[in-house]
Amino acid sequence: MPMSLYNTPQGIFLRPLSLEDGEALLALRLRNRDSHAPYEPLYEDSFFTLEKQQDYIRERLRQAEEDRGYLFGIFLLKQERLIGYISISNLVRGVGQFADVGYMMDQHEQGKGHMTAALKLIIQYAFRALSLHRLQAGTLLHNDRSQRVLQKCGFQPEGIARKLVQIQGEWQDHQMFGILAEDHV
């Protein structure tokens, strides 16, 4: 049952990525490899192959089957072209009911409101369909654009997580943001 989430005024829709999207995901990653490198882990050249992108999608599909995480492609409505992705990951059930949110947008589509619209759709999905209590996200301290997206969607800054993730081979501090289901009425 393929499920899609739409923001028609913004001209985007989200749907889970499938193996058939491997080539489009690879093209997206290759197009943005240099511009996004300062915000990502170090990837070996083999990561930028169709096989590795399909492996990535397979793993994310497995996580969705196990209710551990969900990966959605962000598509332009008219062209049905992949312009980014957004994920709910590290999902905790039980007494926690929370998850992390992460996202990436094609450098040529940034600044058009697409990511804000996509994040708002994911927030609704997480709180309504998945019945989560909390979503959280971390950004590099200097990633002002990503921080603005989070704040426009109702996330609140919650502090600095020291040396949270290795970015470009260096442990980097991250500004943490969170939103609760009751914040999003």
Side-chain angles (χ1 to χ4, degrees), residues 1-43 45 47-61 63-64 69-90 99-130 135-140 142-155 165 167-168 177 179:
M1 157 188 96
M3 174 204 39
S4 298
L5 308 170
Y6 291 86
N7 182 317
T8 307
Q10 186 61 43
I12 64 158
F13 72 97
L14 286 78
R15 70 165 169 76
L17 288 179
S18 68
L19 287 177
E20 291 76 29
D21 295 311
E23 289 183 16
L25 180 58
L26 175 59
L28 176 70
R29 290 200 193 271
L30 288 171
R31 237 184 357 263
N32 292 278
R33 186 174 183 177
D34 293 336
S35 65
H36 284 65
Y39 305 99
E40 294 187 336
L42 285 175
Y43 292 119
D45 288 341
F47 178 77
F48 297 94
T49 64
L50 179 58
E51 178 185 3
K52 290 296 184 187
Q53 295 310 302
Q54 287 178 326
D55 287 347
Y56 174 77
I57 292 170
R58 267 188 211 92
E59 174 57 26
R60 297 311 297 256
L61 290 169
Q63 289 177 9
Y70 301 86
L71 174 66
F72 291 84
I74 304 168
F75 295 85
L76 288 177
L77 197 53
K78 290 184 179 177
Q79 298 98 335
E80 293 191 23
R81 181 171 56 88
L82 181 67
I83 60 168
Y85 57 82
I86 188 164
S87 67
I88 299 170
S89 59
N90 304 318
D100 295 324
V101 174
Y103 44 80
M104 178 269 200
M105 177 62 60
D106 187 307
Q107 62 183 327
H108 302 295
E109 297 295 334
Q110 292 178 0
K112 299 178 181 179
H114 298 320
M115 188 53 75
T116 299
L119 183 55
K120 287 179 179 179
L121 289 171
I122 284 297
I123 291 169
Q124 288 180 346
Y125 178 74
F127 291 148
R128 293 182 181 161
L130 300 178
L135 288 175
Q136 57 193 29
T139 71
L140 288 170
H142 63 277
N143 193 343
D144 297 330
R145 291 181 93 171
S146 188
Q147 291 175 19
R148 279 194 305 274
V149 167
L150 290 165
Q151 290 177 318
K152 281 192 259 182
C153 292
F155 282 76
V165 178
I167 303 294
Q168 290 300 295
F177 292 83
I179 187 171

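Residues take their numbers from the sequence shown, with the count starting at 1. Scope of the values below: all heavy atoms of this structure, side chains included, with no hydrogens, waters or symmetry mates.
Using a 4.0 Å cut-off between a side-chain N of Lys or Arg and a carboxylate O of Asp or Glu, R15 and D21 qualify as a salt bridge. With salt bridges taken as basic N to acidic carboxylate O contacts below 4.0 Å, none links E51 and R58. Ion pairing between a basic and an acidic side chain is recognised when a charged N comes within 4.0 Å of a carboxylate O; R33 and D45 show such pairing.
N32 places no side-chain N or O within 3.5 Å of a backbone atom of S35 that could act as its donor or acceptor partner. Judged by distance alone, with hydrogens and angles left aside, the side-chain atoms of Q136 form no donor-acceptor pair with the main-chain N or O of F155 at under 3.5 Å. A distance-only check finds no donor-acceptor pair linking the side chain of Q63 to the backbone of Y70 [under 3.5 Å]. Here the side chain of Q110 pairs a donor or acceptor atom with the backbone of M105 at under 3.5 angstrom.
Cation-pi geometry between R29 and Y56 is satisfied (NZ or CZ under 6.0 Å from the ring centre, within 45° of the ring normal).
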* **side chain to side chain donor-acceptor pair (under 3.5 Å) between H36 and Q107, intermediate numbers included** => CA-CA 8 Å; H36 284 65; Q107 62 183 327; 5.8 Å; no
* Would you please test S18 and E20 for side chain to side chain donor-acceptor pair (under 3.5 Å) and show each step? => CA-CA 5 Å; S18 68; E20 291 76 29; 2.9 Å; yes
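Sequence neighbours left out, the pairs with a member in residues 10-32 that pass ring-ring contact (aromatic ring centres under 6.0 Å, His included) are Y6-F13, F13-F75.
Residues L76 and E80 fail the side-chain proximity criterion, which asks for heavy atoms closer than 4.5 Å. Residues I83 and H114 meet the side-chain proximity criterion, which asks for heavy atoms closer than 4.5 Å. Contact of the L77 side chain with the I12 side chain is not registered, since no non-hydrogen atoms from C-beta on lie closer than 4.5 Å.
Just one residue in the list Y125, Y85, Y103 forms a ring pair (Phe, Tyr, Trp, His ring centres under 6.0 Å) with F72, and that residue is Y125.
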